[in-house]
Number of protein chains: 2
Amino acid sequence: MIKYSVVIVDDHTLLSQAIAAMVNTFDKFKVLYTCKNGQELIDKFSESPKFIPDVVLMDINMPIMNGIETTDWISKNHNNVNVMALSVEDEDATILKMLKVGAVGYLLKDTEKSVLEKALIEIAENGFYHTKSVTSLLMKSLSGKGEEEVKLNDRQKSFMKYACSELTYKEIADKMCLSPKTIDGYRDVLFTKLNVKNRVGLVMYAIKNKIYTP
Amino acid sequence: MIKYSVVIVDDHTLLSQAIAAMVNTFDKFKVLYTCKNGQELIDKFSESPKFIPDVVLMDINMPIMNGIETTDWISKNHNNVNVMALSVEDEDATILKMLKVGAVGYLLKDTEKSVLEKALIEIAENGFYHTKSVTSLLMKSLSGKGEEEVKLNDRQKSFMKYACSELTYKEIADKMCLSPKTIDGYRDVLFTKLNVKNRVGLVMYAIKNKIYTP
DNA sequence: AATAAAAAAGGGGTTTTCCCCCTATAAAAA
DNA sequence: TTTTTATAGGGGGAAAACCCCTTTTTTATT
């Protein structure tokens, strides 16, 4: 019997190795190799076609190149490879982002071994696997308002990072080589765009959306 | 050959099962069972002596009962059980807290499989395992200033949580049924105690020290 | 080249935040 | 029992933060 090949991408070596050990116990699957981040995976893919698996198990939070960016790359360059997200994050926005760039499944890290196996089989044979909760989330996002995708430019992100420090706006203006009045503008634009009322709101948004990591 | 028994505590089922699969591949070790949180472990320990292992692999971030509290309990009630922390957290303060309550080892989740095996052997046979970095951290904390252990009472913690919201201090006062002036006092005390300059500083402290989770 | 659209900056005012220093009361320690 | 010490509260003021609305400059768009 030919086994489906799997690649695991997770910045925590021990975890990717442990999950690899687990996947290798599944009859129909075999782990090709593991990666510590998205860049490593892309390098492998580009090195040789024999490094291109049937399924990728992808963590989302990674340094250098995260799961969303990496999945996006895979969808665009190796559309026959199925990516399943495997993450601790259960935030709707993150899950949707991942599905939007082409992930064909989303599992939380606190599921059972048997569920992982079932999901892998479904994906290898049918091309997708979605839990009930993910399906209903998809429904909601399709029917309901398309989620006000907020896009921030580099200057705004940079300002957000400073806003997470103890600097005053005047000091932030200095750091960014702008007038304090311009910073006033940045802030007010972001207040309305992100729907927050004050600087603490900015800080929380920045953290929740990984613009700033404490 | 008699194998050492191991118990794994991690709220992410898939990870604890995966690590269990890995530990079971080690010659000298055998996984007794896995737990989803500290409370589950304590229940097991209390149920029967046959559920008490030689080594516990303990995650730190868990709901209900975290790794630090649980390790503390084990040290006080089953001193012959060796606890090794296995976490993604590399903050000095967290590591020291864990060692202080009796952990005999601290591994990051991005170590190699072989290192985990070596650590387990060391702990089972010598009673402890410390990486160079943890050892040097211990040295620093012993020689250097004893770490200004900041203790916050319940009211202060509750105030900190509100400070992480978009409420004004006046609104926080309302919520806590105190005068705005008292809240002023709370804030100023915490500013000096936590060595921060403004509300953003409070927010960052609260998040870093898990008083508030975004 | 003309026009639209961002981005940068200012004027000016209200509210909050921050930071002094001071009082009353209750609980804990001497 | 006096003396700390912790907790709740107050007055007042300077500095930020917040929130309008307007102007200049730069960058795209037609």
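What you see is a predicted model; the values in this text were computed from it and never measured. Chain identifiers are assigned alphabetically (A, B, ...) following the order of the sequence lines, protein sequences preceding nucleic acid strands; residue numbering begins at 1 within each chain.
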C:dC19 base / B:D184 side chain donor-acceptor hit below 3.5 Å: yes
Where the side chain of [X] is defined as all heavy atoms beyond and including C-beta, which of [options] is the nearest nucleotide?
| X | options | result |
| --- | --- | --- |
| B:L178 | D:dC18, D:dA8, C:dT17 | D:dA8 |
| A:Y169 | D:dA17, D:dG9, C:dT16 | D:dA17 |
| B:R199 | C:dC18, C:dG12, D:dC18 | C:dC18 |
| B:K181 | D:dG12, D:dA8, C:dA9 | D:dG12 |
| A:D188 | D:dC19, C:dA9, D:dA8 | D:dC19 |
| B:R155 | D:dC18, D:dA8, D:dA16 | D:dA8 |
| B:F191 | C:dA8, C:dC18, D:dC19 | C:dC18 |

When you measure from the side-chain N and O atoms of [X] to the phosphate of [N], is any distance below 4.0 Å, counting only OP1 and OP2?
| X | N | answer |
| --- | --- | --- |
| A:T168 | D:dA15 | no |
| B:Y186 | D:dA8 | yes |
| A:N153 | C:dA7 | yes |

Expressed in angstrom and rounded to an integer, what is the separation of [X] atom [atom1] from [N] atom [atom2]?
| X | N | atom1 | atom2 | value |
| --- | --- | --- | --- | --- |
| B:L152 | D:dA6 | CG | P | 14 Å |
| A:Q156 | C:dA7 | CD | P | 7 Å |
| B:K193 | D:dT7 | NZ | C1' | 12 Å |
| A:D154 | C:dA6 | CG | P | 17 Å |
| A:K197 | D:dC18 | NZ | C1' | 13 Å |
| A:N198 | C:dT16 | CG | C1' | 10 Å |
| B:I183 | D:dG9 | CD1 | C1' | 11 Å |
| B:E166 | D:dA17 | CD | P | 16 Å |

Residues B:D174, B:K170: salt bridge by 4.0 Å N-O rule: no
B:K210/B:E91 ion pair, N-O < 4.0 Å: no
Partner of B:P53 by side chain to side chain contact (heavy atoms under 4.5 Å, CB included), out of B:F29, B:F45, B:Y4: B:F45
Touch class at under 4.0 angstrom, heavy-atom based, for B:T182 against every strand present: base
A:N37 side-chain N/O to A:Q39 backbone N/O, donor-acceptor pair under 3.5 Å: yes
Closest non-hydrogen atom pair between A:Y212 and A:K161, with its separation: CD1-O, 4.2 Å
